[in-house]
Number of protein chains: 2
Amino acid sequence: MVEKEARSPVNTVTFRLGVLGAWQEARYTERLAGLELKPKHVALLGVLRIKGAESQLELAGVMRVAPSLVVQLADHLEALGAIERVRDPADRRRQRLTLTKDGIRLLNAAGDLAEELDEELTAPLAPADRAALTRILERLAAHTGIPTE
Amino acid sequence: MVEKEARSPVNTVTFRLGVLGAWQEARYTERLAGLELKPKHVALLGVLRIKGAESQLELAGVMRVAPSLVVQLADHLEALGAIERVRDPADRRRQRLTLTKDGIRLLNAAGDLAEELDEELTAPLAPADRAALTRILERLAAHTGIPTE
DNA sequence: TATTGTTATACTCTATAACTATA
DNA sequence: TATAGTTATAGAGTATAACAATA
């Protein structure tokens, strides 16, 4: 009979994802400051490009955040000129959000910043491991229902 | 001349680590509730087992959180009987924190919960990819100075 | 005077609840 | 009456600043 070794939680994937994720997100937040964006704004823009959104409520569902948060994020993005809100003529309660040219530029700029951070983070990894990490995280994201482009 | 493809930030390692990490940490927080612990408490216990701490200030440095937060976390863990605070006789300003038997039990229980979540999260991965993920995250943790047991 | 720990306060993020407009 | 969006409020988490004890 094999006694299971008591492993410290700090060595689990769960724990390390949490710590590394928070660490990397903090650094991303700093770099995004120049664009007047925070990661959640980027997430909203990203979802818009991937699949659009027939309503803000739908967007809240996809992003798994409260509808009231989508309002705040969209307010800011609209003020930046990154998105446009268009009332659905068929149902005037709904606001359709669309990416503007400037929004696409912002999203690409945010993408460049994220890639820079990727480079820095994965610098100590062998090329094969970098590729593996990218592939595995994509797999996990897809499996947990996180939007993927 | 190769034009670099504009990649969406949502497909970067940086962004996915942030989203997956927050998602998994939220689930871990739920499961830990029964132990009256939050992830930061587990982190403190974990660091204590790995390397001990000559002072709370040192612990704050290792954990990369404010000293005032260590006080709160330690207050709670002491109330649970998981740690003991012992004044350093040589320098009575310092509080040395030590894990108790109960603290070790709690840490192990928290480890079991994290392993359960690991199983669930990595279920869709091939065994080789699970191993790769564990190995790569450990590598990244070590490289960014995150404590490792 | 400098350092450790603690307490008081404030800020950020985000959710819940209440409200408005439209259906 | 039900739904989309919005606004108001509240809570969690954590940092910064002020303070106390010891060196």
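These values consider heavy atoms only, across backbone and side chains, with no hydrogens, waters or symmetry-generated copies. Every chain is numbered from 1, with letters handed out A, B, ... down the list of sequences.
For C:dT4, one of the phosphate oxygens OP1 or OP2 lies less than 4.0 angstrom from a side-chain nitrogen or oxygen of B:Arg94. Distances shorter than 4.0 Å separate none of the side-chain N or O atoms of A:Lys40 from OP1 or OP2 on C:dC13.
Atoms CG (A:Leu44) and P (C:dT14) sit 12 Å apart, rounded to a whole Å. With rounding to whole Å, B:Gln72 atom CD is found 14 Å from C:dT9 atom P. C:dA21 atom P lies 16 Å from atom CZ of A:Arg85, rounded to whole Å. The nearest whole Å value for the distance from the CG atom in A:Leu57 to the C1' atom in C:dA21 is 15 Å. Here C:dT3 presents its C1' atom at 16 Å from CD of B:Glu54, a figure rounded to the nearest Å. As a whole-Å value, the separation of B:Arg87 CZ from C:dT3 P is 18 Å. Here C:dA15 presents its P atom at 13 Å from CD of B:Glu30, a figure rounded to the nearest Å. Put simply, CG on A:Leu69 is 12 Å from C1' on C:dT12, counting in whole angstrom units.
Ion pair B:Arg130/B:Asp118 not flagged as a salt bridge, since none of the NZ, NE, NH1 or NH2 atoms sits closer than 4.0 Å to an Asp/Glu carboxylate oxygen. Between B:Asp88 and B:Arg93, none of the side-chain N atoms (NZ, or NE/NH1/NH2) sits under 4.0 Å from a carboxylate O, so this pair counts as no salt bridge. Look at A:Lys51 and A:Glu149 and you find no salt bridge, because none of the NZ, NE, NH1 or NH2 atoms lies under 4.0 Å from a carboxylate O.
You'll find a donor-acceptor pair under 3.5 Å spanning the side chain of B:Arg93 and the base of C:dT3, going by distance alone.
With B:Pro9 as the fixed residue, the side chain to side chain contact (heavy atoms under 4.5 Å, CB included) test singles out one of A:Leu45, A:Leu37, A:Leu107, A:Leu113: A:Leu107. When A:Met63, A:Gln56, A:Lys38 are each tested for a side chain to side chain contact (heavy atoms under 4.5 Å, CB included) with A:Leu73, only one passes: A:Met63.
Within 4.0 Å (heavy atoms only), B:Val65 reaches sugar-phosphate atoms of the nucleic acid but no base atom. Among the protein residues, B:Arg96 comes within range of no part of the nucleic acid, since none of its heavy atoms lies under 4.0 Å from any strand.
The aromatic rings of A:Phe15 and B:Tyr28 sit perpendicular to each other, their planes meeting at more than 60°, with 30° as the lower class boundary.
In summary, contact between chain A and DNA chain D, defined as any nucleotide atom under 4.0 Å from a heavy atom of the protein, begins and ends at D:dA2 to D:dT7 in the 5' to 3' direction.
For the pair A:Pro89 and B:Ser55, nearest-nucleotide mapping onto DNA chain C gives the more 5' position to B:Ser55. Closest-nucleotide positions on DNA chain D for A:Asp91 and A:Asp75 were compared, and the one nearer the 5' end corresponds to A:Asp91. Between A:Thr29 and A:Pro67, the residue whose closest nucleotide on DNA chain C is further toward the 5' end is A:Thr29.
Listed nucleotides: C:dT4, C:dT7, C:dT14. Nearest to the side chain of B:Ser68: C:dT7.
The line from CD1 of B:Ile83 to CZ of B:Arg96 is 13.5 Å long, rounded to the nearest 0.5 Å.
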